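Note that the structure is a prediction, hence the values are computed from the model and not measured.
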Amino acid sequence: MRVRFSTIYWIGCLSVFLVLLFAMNLRGVPGTLPVASSMLTIGNIAGLCSVVAAAWWTSRYIRRIKALLLQQIQGLQGVKTSEGFRNSPIVDLREIGAALAFASEEIRAKQAALTTERNQAAAVIESMAEGVIALDADGAVLVLNPAAAALFGVDRMSAPGRPLLDVIRQHQLHELTQIVHATGRSATAELTVFHPIERLLRARAVLCGVTEPLSPSIVLVIEDLTDMHAYERLRKEFVANVSHELKTPLTSIRSLTETLLDGALEDPAHNRKFLALIDDETGRLARLIDDLLTLSQIESQATLTQEWENVLLRAFVESLRQTFASELAKGQLSFAIQIEESVVVRAHVDRLRQVFINLIDNAIKYNKPNGSIHVAASEEGPIVRVDIQDTGIGIPQPDLARIFERFYRVDKARSRKLGGTGLGLSIVKHIVEAHRGSLSVASELGKGSTFSFTLPRHV
């Protein structure tokens, strides 16, 4: 049962008033003065006790209100909010409690939203392929994501709090931040780094305009342009090579045609020879276009798994030996197959045929008279390794690293004379990689070459 301060106060006042009234009435009665004095003394004592009781109750209630306020403030800080105000007999305290409870819920909701946004932003920065570096107003690193650490080969855990130039020894990057600070505008620069590997980078610095000590002042976004520039260089080289390769036969065809039109067509001793040359150049042009289309088709298909089949490798190579029977006989070349009957690979049959035809055709064209070609295969866990060895002229060591490039020829004159387009080995490389395999070559000048590649084994 609650005792209110107002109740104690008014009971005390009423008691004093009644005692004083009774004592004043007794003062007019003879012989009652001592009694009146006693009553006054009792009234004073009663009033004093009422005041002491009211003061004690007030102090106790104030302490309780203080405890409730502290609990409510702790509720604003994330501690469970007190329910004391809700049951308070004082209306004002109940209203204060309700307001504090509402403010507490609002603060907790905003804190949760800010925490979620911060975690999402951190996850995005961590997963970005571009490097991200955030600097404070003094140029010290606040954030350095894994991509930036990998690009510059630095330890990202030791970076926060240190000056940018101490973390990344790139004066161009430091100067870029100085320009942004001085101008107040974003800026971009390209720079080359040599550690951990040589890379071409593009850095963009953006001024955040925030003055708080722990907030980012400048954010750097670093993009790796190395692959893009390499692809652009390859594209330009490819266009130049294609133009050259197409122009060569077209020039020959045009020259031969003009010769025939100028009167050679009526010359029985030479007209058929000119027509035969035109036919050769036309065939070479057709082969070049076919190889370009094949290469484009292979590159556009990241995987050929939907059309893979189980291929008995020995029977497959035996059928190809029949295809090259006349060329083998013409060059007096022996053809040996060392493959177990049980070896089965998973491959796209048409593409696999292109690999073997290109490699065997090269082994025949660049072989020596009475030479040999040896095709072997062995199972090595989940893969099958295939080796095609010849006893031909071999490949110089400086050329080994480039022979799988498009249009690269070791002996350009001999390659064109033999009808090569310069794309055969590049096609082989792309097909093998589309089968998730690897391709390599070993050669010794004057003694022959061995081309090796892997294919997935059927289990």
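- With respect to Asp399 and Arg402, no salt bridge is recorded, no charged nitrogen being found less than 4.0 Å from a carboxylate O.
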Going through the checks in order, is the side-chain hydrogen bond (donor to acceptor under 3.5 Å, both in side chains) test met by Gln354 and Arg351?
CA-CA 5 Å; Gln354 284 181 287; Arg351 298 304 185 198; 2.9 Å; yes
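- Note on ring orientation: taking the six-membered ring where Trp is involved, the planes of Trp308 and His435 are parallel (angle under 30°, cut-offs 30° and 60°).
- Between the side chain of Asn367 and the main chain of Ala363, a donor-acceptor pair closer than 3.5 Å is present.
- Counting heavy atoms from C-beta on, the side chains of Leu173 and Phe152 come closer than 4.5 Å.
- Scanning all heavy atoms of the two residues, the minimum distance from Ile133 to Leu164 falls at CG2-CD1, 4.3 Å.
- Partners of Glu126 under the salt bridge (charged side-chain N to carboxylate O under 4.0 Å, His left out) rule, at least two apart in sequence or in another chain, are Arg156.
- Using a 4.5 Å heavy-atom cutoff, the side chains of Val132 and Val219 are in contact.
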Leu320 and Ile357: CA distance, side-chain angles, deciding distance, side chain to side chain contact (heavy atoms under 4.5 Å, CB included) verdict
CA-CA 7 Å; Leu320 292 177; Ile357 287 177; 4.0 Å; yes
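- No side-chain heavy atom of Val311 sits under 4.5 Å from any side-chain heavy atom of Leu455.
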With side chain to side chain contact (heavy atoms under 4.5 Å, CB included) as the test, would you mind laying out the steps for Leu277 and Ser252 before giving the verdict?
CA-CA 9 Å; Leu277 291 173; Ser252 297; over 6 Å; no
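- When side chains are defined from C-beta on, Val384 counts as touching Glu379, because their heavy atoms get closer than 4.5 Å.
- Counting heavy atoms from C-beta outward, His348 and Ile431 have side chains that stay 4.5 Å or more apart.
- When all heavy atoms of Leu439 and Lys429 are compared, the pair lying nearest together is CD2-CA, 3.7 Å.
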Is there a side chain to side chain contact (heavy atoms under 4.5 Å, CB included) between Leu207 and Arg185 once you walk through the steps?
CA-CA 7 Å; Leu207 188 66; Arg185 299 164 60 184; over 6 Å; no
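- Aromatic ring centres of Phe356 and Phe451 lie farther apart than the 6.0 Å criterion allows.
- At least one donor-acceptor pair closer than 3.5 Å links the side chain of Thr226 to the backbone N or O of Leu200.
- Taking 4.5 Å as the limit, some side-chain heavy atom of Leu275 sits within range of a side-chain heavy atom of Leu260.
- Side chain to side chain, Thr188 and Arg202 fail the donor-acceptor criterion of an N or O pair below 3.5 Å.
- A salt bridge does not link Lys330 to Glu327: none of the charged nitrogens lies less than 4.0 Å from a carboxylate oxygen.
- Nearest heavy atoms, Thr177 versus Leu135: CG2-CD1, 3.8 Å.
- With Ser255 contributing its side chain and Thr251 its backbone, the two residues share no donor-acceptor pair below 3.5 Å.
- Heavy atoms only, all atoms of each residue included: Ser372 and Leu333 are closest at N-CD2, 4.5 Å.
- Looking at Asp390, its side chain does come within 3.5 Å of a backbone N or O of Ser449 through a donor-acceptor pair.
- In this structure, the side chain of His430 engages the main chain of Ser426 through a donor-acceptor pair within 3.5 Å.
- Although no hydrogens or angles enter the test, the distance criterion places no donor-acceptor pair under 3.5 Å between the side chain of Glu175 and the main chain of Gln170.
- For the pair Leu176 and Leu220, the minimum side-chain heavy-atom distance is below 4.5 Å.
- Looking only at distances, no side-chain donor or acceptor of Arg385 sits under 3.5 Å from a matching main-chain atom of Ser378.
- Environment of CZ in Arg162: crowded, with over 12 heavy atoms of neighbouring residues, nucleotides or ligands closer than 6.0 Å.
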Intermediate values then yes/no, side chain to side chain contact (heavy atoms under 4.5 Å, CB included), Arg353 and Phe316:
CA-CA 8 Å; Arg353 182 175 289 107; Phe316 183 80; 3.8 Å; yes
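- The heavy-atom pair separating Ala147 from Ala129 by the smallest distance is CB-O, 3.4 Å.
- With a 4.5 Å cut-off on side-chain heavy atoms, Val345 and Leu352 count as touching.
- Residues Ala159 and Val141 share a closest heavy-atom pair of O-CB, 3.6 Å.
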Could you please spell out the steps behind the side-chain hydrogen bond (donor to acceptor under 3.5 Å, both in side chains) verdict for Asp136 and Ser217?
CA-CA 5 Å; Asp136 63 16; Ser217 175; over 6 Å; no
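- Atom NZ in Lys365 sits 13.0 Å away from atom CD1 in Ile360 (nearest 0.5 Å).
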